[in-house]
Amino acid sequence: IGFISPDGIFTAAKGGVGEILAMDSGLTARVTIEVTEGTLKSIAIKPEFLTMEAGEAYKFTAFGFDQFDNAVPLDDIQWSIDAQDNVPPALVDATGKVTAWHPGACQLIAQVGNIKGYAQVFVQPGKLHNLQLFILDSVGQTFLSAKAPLQLTSGTQIQFVAKGYDIAGNELTVTPDWSVSNRKPLASVSLANMIGRIIFDGNFTAIKAGEGFVTARQGFISASVKVQ
């Protein structure tokens, strides 16, 4: 719990209970001493480094220590994020729970009074959560709603574009498989009866009058638009 010099000067080090003994000429004197933690000198956050995916949440823990590394209880911890970007890659609540949002790096801070502890948080894009379909033309890209049919005349060619997003809305690179069906998305239909054809890059040609769907699919994620 501490150490004592030859001239009897005791320095407390670790919290706990112990005895100080003085012995001379066969005589012994002792005193019980209790050492409690000192004032807060440092804060450590665990884990010190963490890589997260956008949309993921993790609760960090802060620990307080005195000058001899004895644990010191922490009250009223103020959590914050320090990031160079105007839009921080992550957010933190009052309990230390961090929610990753945008790709990038930031510093997590736990503060009590004037004492601060730090951890590094790195955010990566999340997994593909949804696809959205667009038409590419000379003006730009027009978003296609799955609820609004796209009306075309036979022989018309249009360029479909699919964009992928993680659960936090970050755009991801996707290379979907394209298909055309005459009834519902992903339904099988003979080539002769298709309302149109689409190639690997999303270029669609309307052929037959009717109603169908153009679908982009990547893994288990898909998006479709009705074509008339």
Side-chain angles (χ1 to χ4, degrees), residues 50-59 81 83-93 97-106 121-228:
L50 185 64
T51 299
M52 306 175 67
E53 287 188 355
E56 183 181 6
Y58 186 89
K59 187 174 182 180
I81 292 287
Q84 295 182 349
D85 298 331
N86 292 331
V87 180
L91 303 174
V92 63
D93 67 11
K97 184 174 75 172
V98 171
T99 301
W101 205 244
H102 302 289
C106 59
V121 178
F122 305 93
V123 180
Q124 298 177 340
K127 297 178 178 63
L128 181 64
H129 180 69
N130 70 295
L131 290 171
Q132 293 182 0
L133 298 184
F134 298 80
I135 290 177
L136 181 63
D137 54 30
S138 58
V139 178
Q141 296 180 359
T142 303
F143 172 69
L144 296 174
S145 169
K147 298 180 181 179
L150 180 63
Q151 296 182 337
L152 303 173
T153 58
S154 179
T156 301
Q157 281 192 344
I158 60 173
Q159 180 66 54
F160 286 101
V161 175
K163 292 187 176 184
Y165 302 90
D166 63 22
I167 196 170
N170 300 299
E171 187 173 347
L172 307 174
T173 300
V174 292
T175 53
D177 294 322
W178 294 93
S179 62
V180 180
S181 61
N182 275 20
R183 290 174 290 276
K184 57 185 180 179
L186 304 181
S188 60
V189 64
S190 67
L191 293 175
N193 294 324
M194 281 187 177
I195 61 168
R197 64 174 179 269
I198 193 166
I199 60 177
F200 70 95
D201 64 353
N203 188 276
F204 173 81
T205 303
I207 299 175
K208 289 184 174 291
E211 183 177 283
F213 290 87
V214 171
T215 299
R217 170 177 286 271
Q218 179 140 337
F220 295 103
I221 308 299
S222 65
S224 299
V225 64
K226 183 183 291 186
V227 179
Q228 294 178 334

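Computation of the quantities below employed the complete heavy-atom set of this structure, encompassing side-chain atoms and omitting hydrogens, waters and symmetry-equivalent molecules. If you're wondering where the values come from, they're calculated on a predicted model, not measured in any experiment.
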Hits for side chain to side chain contact (heavy atoms under 4.5 Å, CB included) against Ala206, two or more places apart or cross-chain, chain-then-number order -> Leu152, Phe204
Side chains of Trp178 and Phe200: does their closest heavy-atom pair fall under 4.5 Å?
no
Quick one: list whatever passes side chain to side chain donor-acceptor pair (under 3.5 Å) with Asp177, sequence neighbours left out.
none
What pairs of residues pass the salt bridge (Lys or Arg N to Asp or Glu O under 4.0 Å) test when at least one of them lies in residues 166-175, not counting sequence neighbours?
none
Test side chain to side chain contact (heavy atoms under 4.5 Å, CB included) applied to Leu128 - qualifying residues, sequence neighbours left out:
Leu131, Leu172, Val174, Gln218, Ile221
Indicate yes or no: at least one non-hydrogen side-chain atom of Val214 is less than 4.5 angstrom from one of Ile198.
yes
Partner residues of Thr51 under the side chain to side chain donor-acceptor pair (under 3.5 Å) criterion, sequence neighbours left out
none
Value for NE2 (His102) from CG (Asn170), rounded to nearest 0.5 Å, stands at 6.0 Å
I'd like to check the side chain to side chain contact (heavy atoms under 4.5 Å, CB included) partners of Ile167; sequence neighbours left out, ordered by chain and number.
His129
Glu53: what forms a salt bridge (charged side-chain N to carboxylate O under 4.0 Å, His left out) with it, not counting sequence neighbours?
Lys127
Would you please name every residue forming a ring-ring contact (aromatic ring centres under 6.0 Å, His included) with Phe122, sequence neighbours left out?
none
Would a 4.5 Å heavy-atom cut-off, applied to side chains only, mark Glu56 and Val123 as touching?
no
Name all residues meeting the side chain to side chain contact (heavy atoms under 4.5 Å, CB included) criterion together with Ala57; count only those two or more places apart in sequence or in a different chain, and write none if there are none.
Lys97, Thr99
Test side chain to side chain donor-acceptor pair (under 3.5 Å) applied to Ser154 - qualifying residues, sequence neighbours left out
none
With a 4.5 Å heavy-atom cut-off, do Pro149 and Gln228 have their side chains touching?
yes
Counterpart residues, side chain to side chain donor-acceptor pair (under 3.5 Å), relative to Asp93 (two or more places apart):
Thr95
Minimum heavy-atom distance between Val121 and Met52, given as atom pair plus value:
CG1-SD, 3.9 Å
Hey, are the side chains of Phe213 and Val180 touching, using non-hydrogen atoms and a 4.5 Å cut-off?
no
